Structures are given as structure tokens and as C-alpha cells.
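Source: prediction; values computed, not measured.
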Protein chains: 2
Amino acid sequence: MTTTSDAPAVAADLALAAELRVSLGRATRRIKGERGDAGLSDPQFNVLAILLREGPMSPGALADLERIQPPSMTRTVNCLVERGLVRKDEHPTDGRQVVVTLTEAGEAEVAETRRRRDAWLSARLAGLTADERTTLVQAAELLRRIAAS
Amino acid sequence: MTTTSDAPAVAADLALAAELRVSLGRATRRIKGERGDAGLSDPQFNVLAILLREGPMSPGALADLERIQPPSMTRTVNCLVERGLVRKDEHPTDGRQVVVTLTEAGEAEVAETRRRRDAWLSARLAGLTADERTTLVQAAELLRRIAAS
DNA sequence: CCCCGGTCGTGAACGCAGGTAATGAGGTAG
DNA sequence: CTACCTCATTACCTGCGTTCACGACCGGGG
């Protein structure tokens, strides 16, 4: 009715979109709430996770990955330096750049925080059936594609 | 079978938990990014949505639903009053309480914002197969249960 | 009737995370 | 060697959350 051939599919998409949006928002809020114990804020944890996955990089690169502006990243990184979780070194060839590197304490911290978060979520997942877990595995893949688009 | 016998399932839960957490976080961030046009912040929009769904209620009740402290809700509500999206009336019998009511402009605003967000998400969903959409429908239900626990 | 504990909403002061604008150090093309 | 560009940082502003403190109002006992 609206534009082309399959109005029902469009209407179903809208309903699913609304439902998915609400569920996603609530679940995410719930998971984030499971972090406080370590004293690491969400952006701080994200920086550590990136460094663990991608290796040392400059503050500017970190800011790009997190889609925030460089000054915000500078502050976050400085906070992590004070806690001894990352280190700031000079770039070997480019005097402007700074290289942010994860310390051993930082590695331990991200492992610990991740463990705690995943422990909470996996405790919930344990109450599901095998089919339901499969559904979530596939949904995780779909969500990744959606988020990347 | 969930407790001690099947270690592999526990390991799979941990992996799924980690993957789901990342995917959820990214998708949610992406969706939230699709809101800015209306000038309504996320907590403000949430208040309007609650009022539309549940009907008029006191600031304290709103604060409870949003899991924030009353002063924060007072500020958010006042901001919405200034924009003409909600109205604050005296409670008919209890002089302490205030009743927050959605105005017509508020109704229109939440409908518009919701339409814009869902339009973005449903555009992504349109690129999926029927099976994949079914997966997401089921996942939305599972996520709701997880978030409620 | 008046007081008294409890509840509700709010004001003030603070913390944290994001943004923009401007600055300074360092590289690079001409 | 000069001019332009990039990178990180500094200073300041905004939004949203918190805690603490206070005034307004309801209810029940003296």
C-alpha cells in the first residue's frame, strides 16, 4: 500500500525494529550495570579492550575507533596512565605522535572486568535451551552486521 | 545439567556472552546515534515514551522506572516543560505530589522520534532474509527475558 | 487542635564524559 | 627556509547522573 509491492513486510520490519530497539536498550543497560565493582568506567574499559585486541596505537587512532574527539581520548588515556593500566611512549620516528601501550596491570584489569561481565551474562544464558542459545549466536552475528552498516 | 556435568556448555556460554555483549553494545550505540535530529536527548525521549505508554504519573514514579534519583528526573521534566512537551499539574488530593502529563506536542514528538529511529533500523532489517528476521524476533524475546532477570 | 514522623519535590554542589576552539610542538612540501 | 599540515594537548562549556539539605504537605497521636 505504501510504496511498492510488499507492504506487510515493511510493517513487520517496523514492528520488529521497535521491539528489537527496546530489548537491545534494556539488555545493554543491564549488562553495563554489571561493571561497577572494578572502578573502571565504560569508556576506560573500552580503551583497554581495544589496546588488547589491536595492540599499541596513538591516542588519535583510539579516538577514531571510539568515534569520539581527540581531547576526550587524551583525558581518558591520562586517567588510565594515572592508574598504571597503560603507558605513553614517544613514537620512534614521528615526534608528534604518542604510543599508548597496555601494561601488565592493564591486561589483568581488562581480563578481570570482562570475566565479571561475561559471568553475569553467561549465568543468564545457562537458563536457556540449546535452541535458544543458537538463536542468540545467530542474532549476535546479525547485530554485528547491522551495527557495521 | 547446568551445574557441574557439562563444562563445554559453560565455555560456550562464556564465548557467546562475550560476543553478544560486544554486538549488543555496538548495535545500541548505532541506534542511539540515529536520534540527534530532533534535539531530544535520550533520557528526555525515554520520559516521553513512558508517559505515552503508562499515562500521567508523578516525577518520583518516573524516576523509579528509569532507575535514577528524583533530582535528576526533576531536571529532565523541567526541561521538557520548557519545550512544551509535558505539563505539570497539581495532584487532585495529595498536595505534595505533581502529575506529569504528555501534551499533544509531546505525543507528536515521541511518535516522530520513534518513527525516525525505527525507520533506520527497519531499513537494515529489510536487507535480511526471512529466516534472519525470524531469528531476530526470537532473540528480541530472549533479550527481554534476560534484561528482566 | 497542634505537633511529629514520613513522603514528595526541589535547590545546590559535585563528578564524569562528551563536545568545540585555540595553542604549541613537530613533520613535510615547495 | 618558509609555509602548511598533523598530532596531542589545554581551557572552557554542556548534559546527565549523584548526594545532601530543605520546605511543603499528608497522616496519626498527644
Euclidean distance, atom [atom1] of residue [X] to atom [atom2] of [N] [Å, nearest integer]:
X        : N       : atom1 : atom2 : value
Asn46(A) : dA17(C) : CG    : P     : 12 Å
Ile68(A) : dT14(D) : CD1   : P     : 20 Å
Asp64(B) : dT7(C)  : CG    : P     : 13 Å
Arg96(B) : dT7(C)  : CZ    : C1'   : 5 Å
Leu40(A) : dG15(C) : CG    : C1'   : 17 Å
Gln69(A) : dA22(C) : CD    : P     : 15 Å
Lys88(B) : dG9(C)  : NZ    : P     : 9 Å
Gln97(A) : dC5(D)  : CD    : P     : 18 Å

Self-check item: Gap between atom CD of Glu109(A) and atom CD of Gln44(A) - 0.5 Å precision
Solution: 9.5 Å
Practice problem: Map Arg67(A) and Gly95(A) onto DNA chain C by nearest heavy atom, then report which one ends up closer to the 5' terminus. | Solution: Arg67(A)
Quiz prompt | Side-chain-base donor-acceptor pair under 3.5 Å for Arg75(A) and dG18(C) | solution = yes
Quiz item: Looking for any heavy atom pair under 4.0 Å, which part of the strands does Pro70(B) touch: base, sugar-phosphate only, or nothing?
Solution: base
Reckon [X] has a side-chain N or O less than 4.0 Å from the OP1 or OP2 of [N]?
X        : N       : result
Ser72(A) : dG19(C) : yes
Ser58(B) : dG9(C)  : yes
Ser41(A) : dC16(C) : no

Quiz prompt | Chi angles and distances behind the side chain to side chain contact (heavy atoms under 4.5 Å, CB included) call for Val99(A), Gln97(A) | solution = CA-CA 7 Å; Val99(A) 178; Gln97(A) 292 193 41; 5.7 Å; no
Quiz item: Only one of Leu40(A), Thr103(A), Val100(A), Leu51(A) forms a side-chain contact (heavy atoms from CB on, under 4.5 Å) with Leu80(A), so which one is it?
Solution: Leu40(A)
Nearest to the side chain of [X] - [options]?
X        : options                  : result
Gln44(B) : dT9(D), dC16(D), dG17(D) : dC16(D)
Pro59(A) : dT9(D), dC16(D), dT18(D) : dT9(D)
Pro71(A) : dT9(D), dG9(C), dC20(D)  : dT9(D)

Quiz item: Are Ile50(A) and Val98(A) connected in a single hydrophobic cluster, I mean Ile/Leu/Val/Met/Phe/Trp/Tyr linked by side-chain heavy atoms less than 4.5 Å apart?
Solution: no
Quiz item: Just wondering, more than 12 heavy atoms not from Glu141(B) lying within 6.0 Å of its CD?
Solution: yes
Quiz prompt | Comparing Asp94(A) and Asn78(A) on DNA chain D - which has the more 5′ nearest nucleotide | solution = Asp94(A)
